[in-house]
Amino acid sequence: MQRIFHVANAVLVCAAIGFAWGQHQSWSATGGSLFGWVMVTAAVVFALLAALVWAIRDYRAWIALGEGGLPSNIFGWFAVTAMRPMAGDPYDQSVFAGKLGGSTDQTFLGDLPTRAGPRPTVAPHAVPHRQTDQIPDRGVMQQLSNMFDGIVARNDDRLHYQLSQYEKHNQAIWLRDVEGGNPATGLGGEIGHFHPSDGSMHTILSPSDAKQILDKGWGELHSMARFKRIFPTETFVMLYAPAQAEHVPVIRDIIEAATRYALPRGNNSIKG
């Protein structure tokens with residue numbers, strides 16, 4: 001990877017030299033001053049070098065997030081960088097507000113407590129979608145993993161683990177009967193998964209439940225959730241990692257609500 005950036009650096013330097021020489025020839029032909037040519041050339045070279053420094057730092061920060069739905073190489077970074085202008089506000093509820101109280105909306109969550117403290121910092125990259133602070137310790141992470149395992153084990157006639165279609169590296173809870181699930185979730189079959197690197201999770205919630213999650217600070221929308229070609233519903237939510245052990249039962253309630261939402265309406269009871 002360092003070799004690629006060395007090559008990119010050399011290309012930028014050559015481009016800068018070529019630009020400088022071309023500008024010098026043009027400037028001389030039009031009678032421009034040497035000082036003006038130097039200033040314009042210096043500004044362009046500085047901008048090119050600043051762009052290269054930013055790219056190297058951003059690439060390294062992206063790689064540090066771990067594996068996600070894109071290849072962990074320069075091509076994956078180019079792809080996720082191209083997504084940045086399309087990213088939406090992760091707290092903008094207008095993307096699903098029209099479905100609140102509608103025929104496909106359901107409410108499974110009770111009155112959740114407000115999550116104490118500030119929201120964690122979330123990396124600016126759409127993929128992988130990760131938080132960069134408030135990472136749980138090993139004990140809390142194990143409780144989170146056990147919680148997921150327990151939901152699947154108690155309902156193994158309807159649920160099972162399978163590789164996430166979004167992450168492609170992490171196991172997710174899936175419906176066994178994908179086609180028999182709730183059409184409002186997009187019929188993808190995947191209910192939710194958690195990320196071992198930071199403890200955050202992704203899941204699909206009903207509009208009313210998603211609203212409560214956002215309002216009370218337990219999560220945020222995926223920045224690309226408004227694009228149906230990427231995700232099946234506007235309520236594709238990132239749940240923040242439990243900052244303390246007391247958060248795990250709340251997260252369990254949320255994942256159970258997501259599970260019931262994914263199951264067919266009228267037959268969505270699960271064993272808690």
Side-chain angles (χ1 to χ4, degrees), residues 66-69 90 96 106-109 112 115 120 122 126-131 136 140-178 180-214 216 218-225 230-242 247-264 268-272:
E67 293 182 318
F96 63 83
Q106 301 178 71
T107 302
F108 299 103
L109 289 172
L112 296 180
R115 185 181 185 274
V122 176
V127 180
H129 192 206
R130 301 288 188 271
Q131 61 187 70
V140 173
M141 196 78 82
Q142 186 61 55
Q143 289 184 46
L144 186 64
S145 178
N146 292 344
M147 180 271 291
F148 267 75
D149 291 346
I151 292 174
V152 174
R154 289 190 298 272
N155 299 277
D156 63 350
D157 57 328
R158 309 187 79 178
L159 308 176
H160 70 120
Y161 275 125
Q162 184 176 313
L163 192 66
S164 170
Q165 62 184 323
Y166 305 115
E167 290 289 327
K168 299 180 174 62
H169 297 283
N170 297 318
Q171 294 293 303
I173 301 176
W174 283 71
L175 295 178
R176 288 193 180 277
D177 181 10
V178 174
N182 180 6
T185 65
L187 286 180
E190 181 174 338
I191 296 169
H193 58 265
F194 88 97
H195 313 123
S197 60
D198 67 340
S200 66
M201 295 142 280
H202 282 130
T203 192
I204 296 173
L205 293 164
S206 71
S208 288
D209 286 345
K211 175 175 175 54
Q212 184 175 188
I213 297 305
L214 269 64
K216 295 188 175 178
W218 291 99
E220 62 185 58
L221 296 174
H222 194 290
S223 62
M224 306 299 287
I230 300 177
F231 297 117
T233 173
E234 301 89 344
T235 54
F236 191 87
V237 173
M238 176 196 210
L239 300 177
Y240 302 136
H247 287 178
V248 175
V250 178
I251 299 298
R252 181 200 61 218
D253 290 345
I254 297 170
I255 296 299
E256 288 180 347
T259 301
R260 294 186 63 191
Y261 183 55
L263 289 165
N268 53 20
S269 297
I270 62 172
K271 300 169 187 174

One should read off an interatomic distance between I213 CD1 and R115 CZ, to the nearest 0.5 angstrom, of 11.5 Å

Side chains of D209 and Y261: closer than 4.5 Å at any heavy-atom pair?
no

* Asked: With side chains defined as the heavy atoms from C-beta onward, is the minimum distance between L221 and E234 less than 4.5 Å?
  -> no

Rounded to the nearest 0.5 angstrom, the OG-CD distance for S197 and Q131 is 9.0 Å

Value for CG (L163) from NE2 (H193), rounded to nearest 0.5 Å, stands at 10.0 Å

Taken to the nearest 0.5 Å, the spacing of I191 CD1 from T185 OG1 works out to 8.5 Å

query = In terms of ring plane angle, is the pair F148 and F194 parallel, tilted or perpendicular, where the classes change at 30° and 60°?
reply = tilted

Shortest non-hydrogen pair, L175 vs G181, comes out as CD1-CA, 3.8 Å

Checking side-chain contact (heavy atoms from CB on, under 4.5 Å) for the pair V122/Y240: CA distance, chi angles, key distance, verdict?
CA-CA 9 Å; V122 176; Y240 302 136; 4.2 Å; yes

Report yes or no: does E190 contribute a side-chain atom to a donor-acceptor pair with the main-chain N or O of Q165 at less than 3.5 Å?
-> yes

Checklist line | Full working for side-chain contact (heavy atoms from CB on, under 4.5 Å) between V237 and I254 | finding: CA-CA 11 Å; V237 173; I254 297 170; over 6 Å; no

Q. H202 versus H195: any side-chain heavy-atom pair under 4.5 Å?
A. yes

- Side chains of Q212 and W218 in contact at under 4.5 Å (non-hydrogen atoms): no

Heavy-atom side-chain contact between M201 and P242 under 4.5 Å
yes

(request) For residues I270 and L159, determine if any side-chain heavy atom of one lies less than 4.5 Å from a side-chain heavy atom of the other. (result) no

Consider only side-chain N and O atoms of S206 and S208, and report whether a donor and an acceptor are under 3.5 Å apart.
no

Closest non-hydrogen contact found for S269 with R158 is O-NH1, 3.2 Å

Interatomic distance, CG@L109 vs CZ@R260, rounded to 0.5 Å, equals 10.0 Å

Between P207 and T235 the two heavy atoms that sit nearest each other are CA-CG2, 4.0 Å

Review point. Taking R176 for the side chain and D156 for the main chain, is one N or O donor matched with an acceptor at less than 3.5 Å?
Key: yes

In short, A241 meets S200 closest at the heavy-atom pair CB-N, 3.7 Å

Between N268 and L263, is there a donor-acceptor pair closer than 3.5 Å when you use the side chain of the first and the backbone of the second? no

Looking only at heavy atoms, the pair that brings P128 and G66 closest together is CG-O, 3.5 Å

Closest non-hydrogen contact found for W174 with G188 is CZ3-O, 3.1 Å

In L239, L205, L144, the residue satisfying side chain to side chain contact (heavy atoms under 4.5 Å, CB included) with I255 is L239

Would you say the side chain of F108 lies within less than 4.5 Å of the side chain of E256, judging by non-hydrogen atoms? no

Going through the distances and angles, do Q143 and M147 end up as a side-chain contact (heavy atoms from CB on, under 4.5 Å)?
CA-CA 6 Å; Q143 289 184 46; M147 180 271 291; over 6 Å; no

Of E167, Q162, K168, the one forming a side chain to side chain contact (heavy atoms under 4.5 Å, CB included) with S164 is E167

- Quick one: does H222's side chain get under 4.5 Å of M238's, heavy atoms only? no

